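These notes are about the structure you will find just below.
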There are 2 protein chains.
Amino acid sequence: MLKYQQIANEIEQYIREQNLKQGDKLPVLEQMMNQYAVSKSTITKALELLERKGIIFQLRGSGIFVRRHNRPGYMSLFSTQGFKSNLGNRILTSDVLDVSVMKPDVLVAENLGIDVTDDVYRVERVRYVDGEVLCHEESYYVKAIVPYLNREIVADSIFDYVQSALGVTIGFSDMYLQVGRLTESEAEYLGLHEDDPTLRIETIFHLTNGKPFDYSRITYHYAHSQFVIQANGPYM
Amino acid sequence: MLKYQQIANEIEQYIREQNLKQGDKLPVLEQMMNQYAVSKSTITKALELLERKGIIFQLRGSGIFVRRHNRPGYMSLFSTQGFKSNLGNRILTSDVLDVSVMKPDVLVAENLGIDVTDDVYRVERVRYVDGEVLCHEESYYVKAIVPYLNREIVADSIFDYVQSALGVTIGFSDMYLQVGRLTESEAEYLGLHEDDPTLRIETIFHLTNGKPFDYSRITYHYAHSQFVIQANGPYM
DNA sequence: AAGTATAATTGTACCGGTACAATTAAACAA
DNA sequence: TTGTTTAATTGTACCGGTACAATTATACTT
């Protein structure tokens with residue numbers, strides 16, 4: 001692991017262990033340089049990472065402070081979107097409804113930047129947090145990139161498998177949000193009624209080289225899905 | 001304006017003018033160093049900024065490439081959330097329903113980190129994109145930070161006013177998303193029916209020094225609100 | 001052709017430095 | 001006490017450098 005990532009983790013752990021709260025001040029940059037025995041720019045990179053994660057904020061001339069959202073019941077939108085990070089102490093489980101190889105339809109192929117004759121894995125799951133229905137997910141993986149999947153892998157975190165076993169790294173993603181009403185079949189999966197409100201998110205996940213490898217459609221249970229997004233900006 | 005911001009803008013403009021599309025390659029780092037006559041780290045900072053904005057992605061050993069989402073009809077979630085950036089060529093207007101000074105209730109005071117005896121500005125608006133109803137917004141500004149508002153300021157971009165006229169800078173924000181059903185009065189503002197689905201977003205905006213200065217509740221028209229979020233990560 | 005080793009290209013990690021602007025604390029004056 | 005100037009603190013911008021890993025192109029086999 002890179003130095004600045006390692007340091008970022010240690011600082012995050014420090015905040016957790018010391019139970020620091022919103023506005024609490026961290027050691028100053030120079031002290032961190034000495035403590036971790038690295039140059040200023042390495043500490044700066046570590047802190048910048050934590051800033052992007054919404055853990056801290058830095059104030060020139062003043063110091064480095066803890067930032068915290070912490071509304072109970074709200075999950076980070078990204079934590080449920082493959083980017084594991086921390087779902088806190090909540091337990092995430094899945095019912096696997098389907099894992100199969102197939103040819104994509106035009107829409108799926110388009111979103112994945114492949115041909116309709118290329119193979120994809122289709123995965124369908126219902127996901128739960130602490131036993132409560134969170135969402136219904138239908139996702140497609142480019143088989144040329146993810147050559148093998150089974151129900152066991154899919155029941156756990158697909159992204160962990162893809163990264164560790166296949167050695168590919170996920171780069172970035174585009175998420176498309178929409179609000180609408182449930183269809184009858186969706187309602188059944190979620191234990192709700194037809195026409196109940198829902199949040200739909202389509203996501204295209206790309207590898208670091210820019211190639212899409214996963215296109216997924218998620219339909220959320222409106223009552224069990226409350227999300228937090230921490231934004232830094234405006235960037236200029 | 002800082003060098004790296006300026007360069008980021010110029011590169012963004014270059015991409016637009018040259019009409020570069022997804023996957024197109026940009027000049028290599030060293031050429032940019034020469035072209036803008038700055039050091040490597042300054043170019044790197046500019047590119048990192050563009051990466052965070054979802055404009056480009058960088059691939060070690062290969063080059064710098066254009067990233068593009070571009071689903072028609074989808075707005076960046078952050079562009080409607082004060083962070084102006086680009087709403088593309090779509091026109092954003094407002095009906096101002098209320099601008100008044102008042103004492104906050106407990107919930108508002110808590111979210112703003114102030115006392116119920118402190119003054120706040122209450123602003124209520126209905127917002128439109130290209131003439132179509134986008135959302136109903138109710139927001140509260142800490143009067144100690146934003147000492148004056150009127151209907152004219154509020155009809156335009158409040159954030160532009162706050163930053164330029166008051167000289168304070170917005171640092172970061174926490175957004176809380178929820179899906180639910182419209183109340184009768186909300187439905188009326190949005191031209192919808194009671195119990196129609198809706199996306200609700202509460203946002204707390206902080207200054208760079210970490211102090212909250214704006215707490216807002218937005219209720220979106222489900223049919224006219226489709227959002228895109230571009231994520232980079234996992235960060236480690 | 002088709003695979004394989006080799007070399008060139010290219011961005012990232014990390015160092016260590018100077019200058020500076022924003023904040024805060026200290027000293028001072030009214 | 002209260003405001004004002006001054007000094008110390010502290011993070012950020014920017015420079016210019018070395019080393020390196022991932023990618024891509026080239027040359028070399030088979």
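Chain naming here is simple, since letters A, B, ... match the order of the sequence lines and numbering starts at 1 in each. These numbers come from the heavy atoms of this one structure, side chains and all, not from hydrogens, waters or symmetry mates. As the structure is a computational prediction, the values presented were derived from the model and not from experiment.
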Provide, to the nearest angstrom, the distance between the [atom1] atom belonging to [X] and the [atom2] atom belonging to [N].
{"X": "Lys40(A)", "N": "dG17(C)", "atom1": "NZ", "atom2": "P", "answer": "10 Å"}
{"X": "Gln31(B)", "N": "dT10(C)", "atom1": "CD", "atom2": "P", "answer": "10 Å"}
{"X": "Met1(B)", "N": "dA21(C)", "atom1": "CE", "atom2": "P", "answer": "17 Å"}
{"X": "Glu48(B)", "N": "dA13(D)", "atom1": "CD", "atom2": "C1'", "answer": "13 Å"}
{"X": "Gln6(A)", "N": "dA13(C)", "atom1": "CD", "atom2": "C1'", "answer": "15 Å"}
{"X": "Leu29(A)", "N": "dG16(C)", "atom1": "CG", "atom2": "P", "answer": "15 Å"}
{"X": "Phe57(A)", "N": "dG11(D)", "atom1": "CZ", "atom2": "C1'", "answer": "13 Å"}

> Which comes earlier along DNA chain C counting from the 5' end, the contact point of Thr208(B) or that of Ser41(A), where each point is its nearest nucleotide?
Replying inline: Ser41(A)
>> Quick check: on DNA chain C, is the nucleotide nearest Leu2(A) upstream (toward 5') of the one nearest Asn209(B), or the reverse? Name the residue that is more 5'.
In response: Leu2(A)
Any idea which of [options] is nearest the [X] side chain?
{"X": "Arg60(B)", "options": "dA22(D), dA21(C), dC15(C)", "answer": "dA22(D)"}
{"X": "Leu59(B)", "options": "dC14(D), dT12(D), dT23(D)", "answer": "dT23(D)"}
{"X": "Val28(B)", "options": "dT10(C), dA19(C), dT12(C)", "answer": "dT10(C)"}

> Taking the nucleotide of DNA chain D with the closest heavy atom to each, which residue, Ile64(A) or Ile43(B), is nearer the 5' end?
Replying inline: Ile64(A)
At under 4.0 Å, does any side-chain N or O of [X] touch on OP1 or OP2 of [N]?
{"X": "Gln58(B)", "N": "dT12(C)", "value": "yes"}
{"X": "Lys3(B)", "N": "dC15(D)", "value": "yes"}
{"X": "Lys45(A)", "N": "dC14(C)", "value": "no"}
{"X": "Ser62(B)", "N": "dT9(C)", "value": "no"}
{"X": "Tyr4(B)", "N": "dA13(D)", "value": "yes"}
{"X": "Thr42(A)", "N": "dC15(C)", "value": "yes"}

Inspect the contact between [Y] and [X] and indicate whether a charged nitrogen and a carboxylate oxygen are less than 4.0 angstrom apart.
{"X": "Glu138(A)", "Y": "Arg125(A)", "value": "no"}
{"X": "Glu124(A)", "Y": "Arg122(A)", "value": "yes"}
{"X": "Arg71(B)", "Y": "Glu202(A)", "value": "yes"}

> Parallel under 30°, tilted from 30 to 60°, perpendicular over 60°: which one fits the rings of His206(B) and Phe172(B)?
Replying inline: parallel
> Can you list the steps and then say if Leu107(B) with Tyr215(B) is a side chain to side chain contact (heavy atoms under 4.5 Å, CB included)?
Replying inline: CA-CA 10 Å; Leu107(B) 216 105; Tyr215(B) 166 63; 4.1 Å; yes
